[in-house]
Visitor: 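Right, I'll just put the structure down here and ask away after.
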Amino acid sequence: MESVFGYGKILHDLRIYKKMDIQKLAEGICTEDELVQFEKEKLYPRIDQLHNFAIKLNVDLSYFYALTSKTPHNYTNAVFNLINKYKRERNYHAIYDIIKMEEGNPLFNETSLKQYLVWHQGICVYYLENNFYEAIKILYSAIDLTNPSRKNLTEREIEVLTSIAILNSHEKKFRHSITLLVKALANLEKLPNIIDPKSKLRVMFALSQALTNIGEFEESLKYSKKGIDYCIQYETLYLFSEFHYQTGENYIELGEKELGTNFINTSISFLRTQNNEFLANYIEQELEKLLKK
């Protein structure tokens with residue numbers, strides 16, 4: 001059934017009912033201007049902000065569920081956006097807390113939405129509990145929710161398979177990881193359209209890394225250079241510096257130290273323009289190690 005109210009009206013009416021002014025409700029959650037924009041539905045609050053509003057207004061978070069049938073930026077999208085944010089930050093505790101909070105929520109009964117949560121549950125089990133086999137079991141169960149045959153994978157299913165491959169690489173099961181990644185790439189190539197270019201970049205980068213780890217430097221180089229070209233083609237900076245590092249590492253391992261150093265220095269310079277000093281310094285140290293081999 002179509003909701004009568006959007007999230008902005010719900011937020012505004014609750015604030016008035018609780019006799020809170022803009023300043024008081026916004027304090028510690030967002031700016032006053034952002035709250036005004038939320039109430040006018042010109043901006044959408046993150047799920048953590050919505051959660052904090054619910055606490056301040058002394059209502060359950062489910063009070064805001066009505067917004068899901070009203071707005072394109074709905075509650076489930078807000079949850080997924082927050083999970084993606086925490087994934088970029090490698091904050092798996094926060095992701096796991098969200099999954100536990102939402103696993104009984106009927107909004108996530110729809111198979112593809114449930115799949116997203118199960119996928120990230122598997123990732124969390126690996127990084128938080130260090131349980132590789134349980135994580136793999138959960139990740140395959142996520143694929144099976146929509147595709148029990150595991151053939152002709154969709155983009156989402158390919159992303160889950162890529163996660164399985166990456167965990168295998170973490171466990172130094174490189175050849176199995178490569179087999180899975182080649183399968184993932186083949187399935188991507190069959191898709192009529194790729195919604196998110198990042199999914200293909202993740203596969204190519206993981207494949208390049210795994211090949212380097214088993215000493216297949218020339219084969220790895222094919223994928224790292226393809227990754228750079230793909231970033232340029234789709235005008236994305238996602239993994240751009242990482243592909244430069246991987247290309248440089250391969251060239252150095254193949255004896256072309258000057259060329260390899262140039263690629264890695266490009267990676268470092270790019271990271272510094274992004275103010276990512278931590279990763280830039282780490283790569284500088286890795287470059288020193290490579291040149292001393």
Side-chain angles (χ1 to χ4, degrees), residues 83 86-88 90-93 95-96 99 115-190 196 198-227 230 238-239 242-243 245-254 279 282-283 286 289-290 293:
I83 286 175
Y86 286 138
K87 189 159 63 171
R88 288 193 298 272
R90 292 177 170 78
N91 189 346
Y92 300 108
H93 284 287
I95 294 172
Y96 200 63
I99 292 168
Q115 181 182 59
Y116 189 91
L117 294 184
V118 175
W119 169 24
H120 287 86
Q121 179 189 359
I123 293 172
C124 289
V125 165
Y126 180 78
Y127 288 109
L128 298 180
E129 300 176 14
N130 197 28
N131 192 334
F132 171 72
Y133 293 103
E134 181 63 19
I136 296 299
K137 179 181 175 182
I138 292 170
L139 289 169
Y140 273 119
S141 76
I143 294 176
D144 293 344
L145 282 171
T146 51
N147 189 347
S149 71
R150 302 177 187 172
K151 296 177 181 177
N152 297 319
L153 303 177
T154 64
E155 194 166 332
R156 165 72 61 73
E157 293 157 3
I158 292 166
E159 287 189 289
V160 180
L161 184 64
T162 303
S163 292
I164 293 170
I166 289 170
L167 296 193
N168 272 276
S169 277
H170 288 339
E171 295 293 310
K172 301 191 183 305
K173 301 175 187 290
F174 298 119
R175 293 195 181 276
H176 185 53
S177 177
I178 290 166
T179 299
L180 295 174
L181 290 165
V182 168
K183 178 181 177 181
L185 196 57
N187 275 268
L188 275 171
E189 298 291 352
K190 288 192 292 184
D196 183 4
K198 292 179 183 177
S199 59
K200 190 170 184 178
L201 288 168
R202 279 190 287 270
V203 174
M204 288 193 291
F205 183 65
L207 189 50
S208 181
Q209 279 190 314
L211 286 164
T212 297
N213 280 315
I214 63 169
E216 297 285 346
F217 305 119
E218 289 185 0
E219 190 67 16
S220 173
L221 194 58
K222 292 178 186 177
Y223 292 105
S224 61
K225 293 180 77 175
K226 277 183 182 178
Y230 199 73
Y238 182 72
L239 293 177
E242 287 86 345
F243 278 119
Y245 172 80
Q246 201 66 35
T247 300
E249 180 179 358
N250 286 321
Y251 274 127
I252 289 172
E253 293 287 4
L254 289 167
L279 189 54
Y282 173 78
I283 288 178
E286 290 301 301
K289 293 176 187 177
L290 284 169
K293 281 187 176 182

Visitor: Measure the spacing between CD of Glu216 and CG of Asn250 and express it to the nearest 0.5 Å.
Guide: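 Interatomic distance, Glu216 CD to Asn250 CG, rounded to 0.5 Å: 10.5 Å.
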Visitor: A side-chain contact here means heavy atoms from C-beta on lying under 4.5 Å apart; do Glu129 and Tyr96 qualify?
Guide: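 Yes - at least one pair of side-chain heavy atoms lies under 4.5 Å apart.
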Visitor: Are Leu221 and Leu254 side-chain neighbours, meaning at least one heavy-atom pair lies under 4.5 Å?
Guide: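 They are in side-chain contact.
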Visitor: Atom CG of Asn130 and atom CZ of Phe132: how far apart are they, to the nearest 0.5 Å?
Guide: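 Answer for the CG-CZ pair, Asn130 versus Phe132, is 11.0 Å.
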Visitor: Minimum heavy-atom separation for Glu219 to Leu211, with atom names?
Guide: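 Closest approach of Glu219 to Leu211: CG-CD1, 3.7 Å.
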Visitor: Ile178 and Ala210: which non-hydrogen atoms are nearest, and at how many Å?
Guide: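 So the minimum-distance heavy-atom pair works out to CG1-CB, 3.6 Å.
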Visitor: Side-chain donor-acceptor pair under 3.5 Å between Thr212 and Glu249, yes or no?
Guide: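 Thr212 vs Glu249: no donor-acceptor pair found between side chains.
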Visitor: Taking atom NZ as the centre, does Lys151 end up with more than 12 heavy-atom neighbours from other residues, nucleotides or ligands that are less than 6.0 angstrom away?
Guide: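 Count not over threshold, so no.
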Visitor: In terms of the angle between their ring planes, are Tyr116 and Trp119 parallel, tilted or perpendicular, with boundaries placed at 30° and 60°?
Guide: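 Rings of Tyr116 and Trp119: perpendicular, as their planes differ by over 60°.
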Visitor: Whether the Tyr127 and His170 side chains hold a donor-acceptor pair (N or O, under 3.5 Å, no angle test) is what I'd like checked.
Guide: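 His170 and Tyr127 do have a side-chain donor-acceptor pair below 3.5 Å.
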Visitor: Can you tell me if CD on Glu171 sees more than 12 non-hydrogen neighbours from other groups inside 6.0 Å?
Guide: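 Yes, enclosed.
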Visitor: CG of Leu153 to NZ of Lys183: how many Å apart, nearest 0.5 Å?
Guide: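 If we round to the nearest 0.5 Å, Leu153:CG and Lys183:NZ are 5.5 Å apart.
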Visitor: Around Lys225, counting heavy atoms of other residues, nucleotides and ligands shown, do more than 12 lie under 6.0 Å from its NZ?
Guide: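 No, NZ of Lys225 has 12 or fewer neighbouring heavy atoms, counting only those of other groups under 6.0 Å.
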Visitor: Can you tell me how far CZ of Phe243 sits from OH of Tyr230, rounded to the nearest 0.5 angstrom?
Guide: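 Reported value, rounded in 0.5 Å steps: 10.0 Å.
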Visitor: CD of Gln246 to CD of Glu242: how many Å apart, nearest 0.5 Å?
Guide: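 The CD atom of Gln246 sits 10.0 Å away from the CD atom of Glu242.
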Visitor: Between Lys137 and Tyr133, is a side-chain contact (heavy atoms from CB on, under 4.5 Å) present by the stated rule, with each step listed?
Guide: CA-CA 6 Å; Lys137 179 181 175 182; Tyr133 293 103; over 6 Å; no
Visitor: So how far is it from Ile158 CD1 to Leu188 CG, rounded to the nearest 0.5 Å?
Guide: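 So the CD1 of Ile158 and the CG of Leu188 are separated by 4.0 Å.
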Visitor: Can a side-chain donor-acceptor contact be found between Glu159 and Ser199 if the only test is distance below 3.5 angstrom?
Guide: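 No, Glu159 and Ser199 have no side-chain donor paired with an acceptor closer than 3.5 Å.
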Visitor: Looking at Ser208 and Ser220, would you say the former's side chain and the latter's main chain have a donor-acceptor pair under 3.5 Å?
Guide: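 The answer is yes, because a donor-acceptor pair under 3.5 Å joins these two groups.
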Visitor: Okay, side chain of Asn168, backbone of Ile164: is any donor-acceptor separation there less than 3.5 Å?
Guide: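 Yes.
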Visitor: Any heavy-atom pair between the side chains of Leu139 and Leu167 that's under 4.5 Å?
Guide: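 Of all side-chain heavy-atom pairs linking Leu139 with Leu167, at least one is under 4.5 Å.
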Visitor: So which heavy atom on Gly227 is nearest to which on Leu201, and how close?
Guide: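 So the two residues come closest at O-CD2, 3.7 Å.
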Visitor: How close do Gln115 and Leu145 get, heavy atom to heavy atom, and via which atoms?
Guide: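 Closest pair (atom of Gln115, atom of Leu145, distance): CA-CD1, 3.7 Å.
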Visitor: With a 4.5 Å cut-off on side-chain heavy atoms, are Val118 and Val160 touching?
Guide: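 No, side chains not in contact.
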Visitor: Tell me whether Glu253 is salt-bridged to Lys293, with the criterion being a basic N under 4.0 Å from an acidic carboxylate O.
Guide: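 A salt bridge is present here (some side-chain N lies under 4.0 Å from a carboxylate O).
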Visitor: Please check: side-chain N/O of Ser177 versus main-chain N/O of Lys173, any donor-acceptor pairing under 3.5 Å?
Guide: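 Between the backbone of Lys173 and the side chain of Ser177 there is no qualifying donor-acceptor contact (under 3.5 Å).
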Visitor: Grab the two heavy atoms, one from Ser163 and one from Ile123, that are nearest each other, plus how far apart they are.
Guide: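 Residues Ser163 and Ile123, closest heavy atoms: OG-CD1, 3.8 Å.
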Visitor: Between Leu117 and Ile83, does the side-chain contact (heavy atoms from CB on, under 4.5 Å) criterion hold? Intermediate values first, please.
Guide: CA-CA 9 Å; Leu117 294 184; Ile83 286 175; 4.0 Å; yes
Visitor: If you take all heavy atoms of Cys124 and Ile95, which pair is closest and at what distance?
Guide: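 Closest heavy-atom pair between Cys124 and Ile95: SG-CG2, 3.5 Å.
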Visitor: So Tyr140 and Arg150, do their side chains get closer than 4.5 Å, heavy atoms only?
Guide: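 When only atoms from C-beta onward are counted, Tyr140 and Arg150 do touch, with a gap below 4.5 Å.
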Visitor: Looking at Asn147 and Ile143, would you say the former's side chain and the latter's main chain have a donor-acceptor pair under 3.5 Å?
Guide: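 No; zero donor-acceptor contacts below 3.5 Å.
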Visitor: Is there a side-chain contact between Tyr92 and His120, using heavy atoms and a 4.5 Å cut-off?
Guide: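 Not in contact.
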Visitor: Hey, are Arg202 and Tyr238 close enough side-chain-wise for a donor-acceptor pair under 3.5 Å?
Guide: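 Looking only at side-chain atoms, Arg202 and Tyr238 do form a donor-acceptor pair, the distance falling under 3.5 Å.
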Visitor: Is a side-chain N or O of Asn131 found less than 3.5 angstrom from the main chain of Tyr126, in a donor-acceptor match?
Guide: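 No, Asn131 side chain to Tyr126 backbone: no donor-acceptor pair under 3.5 Å.
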Visitor: Under 3.5 Å, is there a donor-acceptor pair linking the side chains of Asn213 and Ser169?
Guide: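 Distance-only check fails for Asn213 and Ser169.
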